[in-house]
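Structure record follows, encoded as structure tokens.
Please read these numbers as outputs of a predicted model, since none were measured by experiment. Indexing begins at 1, ligand by ligand and atom by atom, following the structure's order.
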Amino acid sequence: QPLTIAEFAKKIGKNVTEIIKYFFNQGLMINQNMVLSEEQVGELALEYGFDFKKETSLTKENIFEQLDEETDSPESLQDRPPVVTIMGHVDHGKTTLLDAIRDSNVVGHEHGGITQAIGAYQITTKVGKKITFIDTPGHEAFTEMRSRGANVTDIVILVVAADDGVMPQTEEAIDHAKQANVPIIVFVNKVDKPGANIPKIKATLMEYGLVAEEFGGDIPFIEGSAKFKQGLDRLEETLLLIAEFGNLKANPSKLASGTVLEAHLDKNKGPIASVLVQRGTLNLRDVVITGSTFGTIKSMENENGRKLSHALPSQPLVITGLNEVPNAGDRFLVLNDEKLARQIASAQMLKKQEAERIAKQTLTLDSLKMHLEEGELQYINVLLKADSRGSVEALKSSLAKIDVNGVKINIIRASVGAISNSDITLASASKALVYGFNVRPTAQVRQKADEDGVEIRLHNIIYQLIEELEKAAKGMLAPET
Ligand code: GDP
């Protein structure tokens, strides 16, 4: 459609006078309300390196993909704070470290109307530079976000307790960070403790490919104590150094986009979402669309409850005004066109429902039957949790023997312990049935299973569990009602 000079300038992020000057240099006296001809638009687009076709082909089907391909001119880019995630084994001091960093930098709280746990916060270091920390509840949250295409983290801090060393969740964290391809800093915590053995941690981590700088590697190791606030300055310095080295930049002068970190429904205020701005500037009254809903931003607050009128790249904040509760990990973008936003949101919703329908279908015993009848399935994936090592082993060897007309049981995880969120995530991703033997899920885990369409079966007699799976493999099992 026809554009005026002012509109065109805004679209390509240039000053109006610059464009007026461009025409002036060609001997044309114009003002900013003049409507551009098609040739002139083409000419200007060429001059300013702006791909107009791309801009206009923003459709509801590919809007988020388009966003990924969008490039910013080098001069539009500005430094942005690094976004950091802290990972590590339980009890190694992640929470204490986050609190310590926050305490030593916090300037004062204001009482916010909407802020509860925002899931992220930003500090200003002594040298005046900012760092954003994401407070993800666990490693799965990190991976779940990534699996939805949301790469929010620039740097991972791996916390390892000096007296405890490398533990299962430490390994898990390393895997997650490596998969995400983000730089890792090791914070060796609790060095105040008598059993602290730092050389051993360095040696062990070397086996995982994390080689300290002193051994010729490139992984910074910082020794300290979250509890006694030791090593925090060095940690911050190192984060800033890596950020500088990584050349973290974003274009602040365009419509915002980013990721939803957390969201919930408030009885009085409606949907409340914690979001991280990744590009552009988010403003009050902006029309935002997420993976499944949209709305006009009614209020914005930072993690200390301070009201904001705008938010820059790497800034976490809480917003209200969305029509429904979005999912954690959903991307969002500003599209100041309410009608288009509505269309896109409903298209996204359809996509989501379709994906959920497919996921559910593949996972219930009901659909198992259908797939067996169609001869599509050679394996039934099973995730097994039990109360003791003995039962795990017994069940594993019995299940390995099941073979009903060529249909076998494939155990994707078998371990001791309660059914956890991480089990549901894995089961959902690998389309598995979850079996609990003498263990139960919590209500919260059960709810997640429902949401993800994962079926949980509970047993306390071995032969009954095996019989059920044999029947399932024959397609004879009626689903639980
Ligand atoms: P998280 O599960 O990784 O979040 O671990 P927490 O931050 O909850 O810490 C677990 C326990 O270790 C708490 O009792 C902390 O007080 C303690 N802790 C954390 N950092 C240190 C430290 O540097 N020295 C000592 N002695 N204890 C610490």
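Of all protein heavy atoms, the one closest to atom 27 (N) of ligand 1 is Lys227 CD, 3.5 Å. Looking at atom 5 (O) of ligand 1, its nearest protein heavy atom turns out to be Gly93 N, 3.1 Å. In terms of protein heavy atoms, atom 26 (N) of ligand 1 is closest to Asp192 OD2, 2.8 Å. When hydrogens are left out, the protein atom nearest atom 20 (N) of ligand 1 is Asn189 ND2, 3.1 Å; that is the closest non-hydrogen contact. With respect to atom 4 (O) of ligand 1, the closest heavy atom belonging to the protein is Thr95 OG1, 2.5 Å.
In terms of polar-atom proximity, Val191 is not counted as a contact of ligand 1, lacking any N or O under 3.5 Å from an N or O of the ligand. The distance criterion of under 3.5 Å between nitrogen or oxygen atoms is met by Ala226 with respect to ligand 1.
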Check: Does the side-chain contact (heavy atoms from CB on, under 4.5 Å) test come out yes or no for Tyr208 and Glu171, once each step is laid out?
Finding: CA-CA 8 Å; Tyr208 294 92; Glu171 285 174 41; 3.1 Å; yes
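Within the listing of ligand 1, atoms 1 (P), 2 (O), 3 (O), 5 (O), 10 (C), 12 (O) sit less than 4.0 angstrom from a heavy atom of Asp91. Ligand 1 places these atoms under 4.0 Å from at least one heavy atom of Lys193: 26 (N). Listed by number with element, the atoms of ligand 1 under 4.0 Å from a non-hydrogen atom of Ser225 are 22 (C), 23 (O), 24 (N). Set against the non-hydrogen atoms of Val90, the atoms of ligand 1 under 4.0 Å away are 2 (O).
Here the CD-CG distance, from Gln315 to Asn302, works out to 6.5 Å after rounding to the nearest 0.5 Å. Atoms CZ and OG, on Arg279 and Ser253 in that order, are 12.5 Å from each other to the nearest 0.5 Å. In this structure, the separation between NE2 on His459 and CG on Asn438 is 11.5 Å, given to the nearest 0.5 Å. Residue Ser398 holds its OG atom at 9.5 Å from CD of Glu470, rounded to the nearest 0.5 Å. The line from CD of Gln122 to CD1 of Ile134 is 10.5 Å long, rounded to the nearest 0.5 Å.
Of the listed options Lys190, Met87, Lys94, His89, Lys190 places a heavy atom closest to atom 28 (C) of ligand 1.
Asn323 places a side-chain N or O within donor-acceptor distance of the main-chain N or O of Phe294, the cut-off being under 3.5 Å.
When non-hydrogen atoms are compared, ligand 1 lies under 4.0 Å from the backbone of Thr96 as well as from its side chain.
Distance check on atom 14 (O) of ligand 1: every protein heavy atom falls at or beyond the 4.0 Å cut-off.
Thr170 and Gly165 make their closest contact through OG1-O, 4.3 Å (heavy atoms, listed as atom of the first residue, atom of the second, distance).
Ring geometry for Tyr121 against Phe133 counts as tilted: the plane angle lies between 30° and 60°, on a 0 to 90° scale.
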